[in-house]
Protein chains: 2
Amino acid sequence: MNSVSNFVEKLRNSGLRPTKQRIKICEVLFNTDKTFHFTINELSKIISEKIEEKISLATIYNTVHAFKREGYLKEITINSDKSYFDTNTSHHHHFFDNLTKELTDLNDEDVEKIQIKKSLPGKKISSVEILVKVENE
Amino acid sequence: MNSVSNFVEKLRNSGLRPTKQRIKICEVLFNTDKTFHFTINELSKIISEKIEEKISLATIYNTVHAFKREGYLKEITINSDKSYFDTNTSHHHHFFDNLTKELTDLNDEDVEKIQIKKSLPGKKISSVEILVKVENE
DNA sequence: ATGCTACTTTATAATGATTCTAAAAAAAGT
DNA sequence: ACTTTTTTTAGAATCATTATAAAGTAGCAT
């Protein structure tokens with residue numbers, strides 16, 4: 001399933017050659033049973049911890065953005081100063097705890113179907129994203 | 001209605017002394033019949049165009065953030081390369097056109113009531129924001 | 001009004017995330 | 001193997017935002 005050949009395919013689909021560094025990035029991103037959220041800096045830290053090698057930030061940025069373009073990663077819209085990414089690419093929403101900065105998935109089926117009763121002339125909806133901000137009770 | 005005394009009140013409520021610069025910022029922000037969206041840079045440009053005076057960026061940042069803290073402005077969650085603000089502080093959502101970067105209000109009554117069927121232990125919902133991304137038909 | 005104190009403004013520097021660059025390294029093609 | 005193209009990398013550049021510290025202003029007590 002999530003083996004090197006799968007990573008090579010993902011990379012080729014994204015228009016990227018399967019290099020050593022990119023395969024390593026794939027291992028961190030996709031070789032898990034659970035999906036997860038990350039910032040580029042967190043990803044960089046995970047890579048340097050889990051893997052002895054150092055991959056330059058520029059390479060991480062390039063690879064993550066190529067995967068996002070291809071749909072293997074989603075970028076999450078948080079009211080913030082940095083970008084969050086999600087390895088869960090299915091359609092879903094998020095909880096965000098502004099205190100802990102923690103992101104939690106909110107599955108599509110956990111939200112009553114949303115009906116948008118307004119439309120913009122000449123435009124069609126490409127996505128509907130809900131961000132539920134939470135605080136301590 | 002939206003006169004200097006009203007601005008002075010807004011400023012005092014926000015814990016700010018009513019200075020010349022802050023009154024000018026209020027005029028641009030609140031002395032209109034329509035609400036609008038802006039980035040700090042756009043606001044800065046509007047100020048230097050509409051008003052002969054130059055107000056430093058630091059002052060604009062400080063004032064906008066104080067108003068946000070006090071609830072006279074809302075910050076909108078968009079692609080996180082810069083912050084967008086809204087002078088419409090009523091509860092509502094947004095359309096965002098990624099091509100034109102245009103933001104449009106989506107009133108609360110234009111969205112079928114949202115039911116979140118999941119909750120996080122020890123947390124309560126503080127806000128639910130919908131961002132509808134649109135593209136050309 | 002005058003003077004004192006605390007708050008503001010301002011230009012500029014600092015920061016932090018992201019993007020760019022150009023040279024060295026690696027991969028692909030011949 | 002040799003040449004060409006792509007990639008990696010460290011460091012520089014950029015952009016939004018925040019911090020700083022000196023000079024200016026508001027508020028208050030006299």
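We name chains A, B, ... by the order of the sequence lines, and we start the count at 1 in each one.
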Treating [X] as the side-chain partner and [Y] as the backbone partner, does any N or O pair qualify as donor plus acceptor under 3.5 Å?
X: A/E42; Y: A/T39; result: yes
X: A/H92; Y: A/S90; result: yes
X: A/S14; Y: A/L16; result: no

Handout entry: SB check B/K133 A/E129 (cutoff 4.0 Å)
Key = yes
Handout entry: salt_bridge(B/K124, A/E137) N-O dist < 4.0 Å
Key = no
Practice task
Show your reasoning for whether salt bridge (Lys or Arg N to Asp or Glu O under 4.0 Å) applies to B/E109 and A/K117.
Solution key: CA-CA 8 Å; B/E109 58 270 24; A/K117 296 186 275 183; over 6 Å; no
Handout entry: Aromatic ring pairing A/H93/A/H91, orientation class (parallel under 30°, perpendicular over 60°, tilted between)
Key = perpendicular
Spacing of [X] atom [atom1] relative to [N] atom [atom2], expressed in whole Å:
X: A/R22; N: C/dA27; atom1: CZ; atom2: P; value: 11 Å
X: A/I78; N: C/dA17; atom1: CD1; atom2: P; value: 16 Å
X: B/L16; N: C/dA6; atom1: CG; atom2: P; value: 19 Å
X: B/R17; N: C/dC7; atom1: CZ; atom2: P; value: 7 Å
X: A/E53; N: C/dA26; atom1: CD; atom2: C1'; value: 13 Å

Problem - Cation-pi geometry met for A/K10 and A/Y72 (6.0 Å, 45°) - result: yes
Completion exercise
At a 4.0 Å cut-off to heavy atoms of chain A, the contacted part of DNA chain D spans D/dT6 to D/dA10
Practice task
Describe the nucleic acid contact of B/K20 in one word from base, sugar-phosphate, nothing, applying a heavy-atom distance below 4.0 Å.
Solution key: nothing
Practice task
Have a look at A/S83 and say if it touches a base, only the backbone sugar-phosphate, or nothing, with a 4.0 Å heavy-atom cut-off.
Solution key: sugar-phosphate
Problem - Residues in contact with DNA chain C, drawn from residues 55-73 of chain A - heavy-atom cutoff 4.0 Å - result: A/A58, A/Y61, A/H65
Fill in the blank from the handout: Ranking B/Y84 and B/R12 by the position along DNA chain D of their nearest nucleotide, the one closer to 5' is B/Y84
Practice task
Flag yes if more than 12 heavy atoms outside B/K113 fall under 6.0 Å of its NZ atom; otherwise flag no.
Solution key: no
Problem - OP1 or OP2 of C/dA26 under 4.0 Å from side-chain N/O of A/Q21 - result: no
